[in-house]
There are 2 protein chains.
Amino acid sequence: MERIIGIDPGSRITGYGIIDAAPGSLKFVACGVVKTNPRHPFSHRLNEIFEGINEAIQTHGPVVAAVEDLFMATNPRSALKLGHARGAAVVAAMQNGLLVCDYSPRLVKQAVAGYGQAEKSQVQHMVRVLLSLSGSPSTDAADALAVAICHANQYRLALR
Amino acid sequence: MERIIGIDPGSRITGYGIIDAAPGSLKFVACGVVKTNPRHPFSHRLNEIFEGINEAIQTHGPVVAAVEDLFMATNPRSALKLGHARGAAVVAAMQNGLLVCDYSPRLVKQAVAGYGQAEKSQVQHMVRVLLSLSGSPSTDAADALAVAICHANQYRLALR
């Protein structure tokens, strides 16, 4: 059994989702979002992301962080912003001694919906089904849970 | 008197430079670089930046971090990488309770060389003159010292 935190970083909203994975079994543990205040200076918002992820890790004790890659940004300015947010989240994971693995959005969608171009709503639906959730997590938390599921899939494949 | 750490972030080399500033006086304290190992996974390199800056701050005790802005990157991929590095450095400063201020490369060059398009070698030379250094710091450390000097200039202007 391995406890995984999936992270979907963003400068406004960073989603996280924690699952327990073992061969043939996925269990939901927790999920949530770290919302940063757009009125705060950007440096404060990065610190909010670091502290939010740090708190989620310290509360639930995952050993691996699966972080969504963001190589899709089209303009340098938004890529730079996203990079900052992702850097803050990755450092929070590293400072807690977690193994950090990166997964492309395509691979994440493929893992949960069987199709690399799946819509957000499909991802949300499949996360709910795969983890037997009674309600739908928010899209940001669902994306983060999807990244965690993607890591669990990769890990099982590696064991074969 | 205010102790300032200037930071010039980069995914390979992050320069830092620490000065003491008071109206009419600039004193060199220390400078150096955090080099990340290109063979390490990117998440480890971000952690190396965080820890390197954290160590410089804890050794020398600055109260303000002046960080060079990086809105010059032309392609999204390199902007994303630089963003990660800068995010790691900013979080290190925030976690140590420092005030974080951002300065554009143009403003930094203007502050030390009087000209926003100044060459690297001019910046290096002027940093040496302004801080009465006996030798030349490396270009990365000189850039970081220049950011610290830029903050000192802004601060003095604000006091007038």
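By convention in this document, chain letters (A, B, ...) are assigned in the order of the sequence lines, proteins followed by strands, and residues within each chain are numbered from 1.
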Check your understanding: Side chains of A:M94 and B:H44: does their closest heavy-atom pair fall under 4.5 Å?
Key -> yes
Check your understanding: So does A:E2 have more than 12 non-hydrogen atoms from other groups sitting under 6.0 Å from CD?
Key -> yes
Review point. Within a reach of under 6.0 Å around NZ of B:K27, are more than 12 heavy atoms found that belong to other residues, nucleotides or ligands?
Key: no
**Study point:** Joint cluster assignment, A:I4 & A:L131, ILVMFWY side-chain distance < 4.5 Å
**Key:** yes
Point to revise | B:Q95 and A:Q95: side chain donor to acceptor below 3.5 Å | key: no
Check your understanding: If every non-hydrogen atom of A:V91 is compared with every non-hydrogen atom of B:A88, which pair is closest and at what distance?
Key -> CG2-CB, 3.7 Å
Point to revise | A:L107 reachable from A:V147 in the ILVMFWY side-chain graph, under 4.5 Å edges | key: yes
Review point. In terms of heavy-atom proximity below 4.5 Å to chain B, should A:V100 be classed as side chain, backbone, both, or neither?
Key: both
Check your understanding: Can B:L46 be reached from A:V67 by stepping across I, L, V, M, F, W or Y side chains whose heavy atoms are under 4.5 Å apart?
Key -> yes
**Study point:** Side-chain touch A:L80/B:L80, heavy atoms, less than 4.5 angstrom
**Key:** no
Check your understanding: Does atom CZ of B:R12 have more than 12 heavy-atom neighbours, drawn from other residues, nucleotides or ligands, at distances under 6.0 Å?
Key -> no
Practice item. Identify the heavy atoms of A:A79 and B:A79 that sit nearest to each other, and give their distance. Key: CB-CB, 4.1 Å
Revision key, fill the gap. Ranking A:C101, A:S43, A:P41 by heavy-atom pairs under 4.5 Å to chain B gives rank one to A:S43
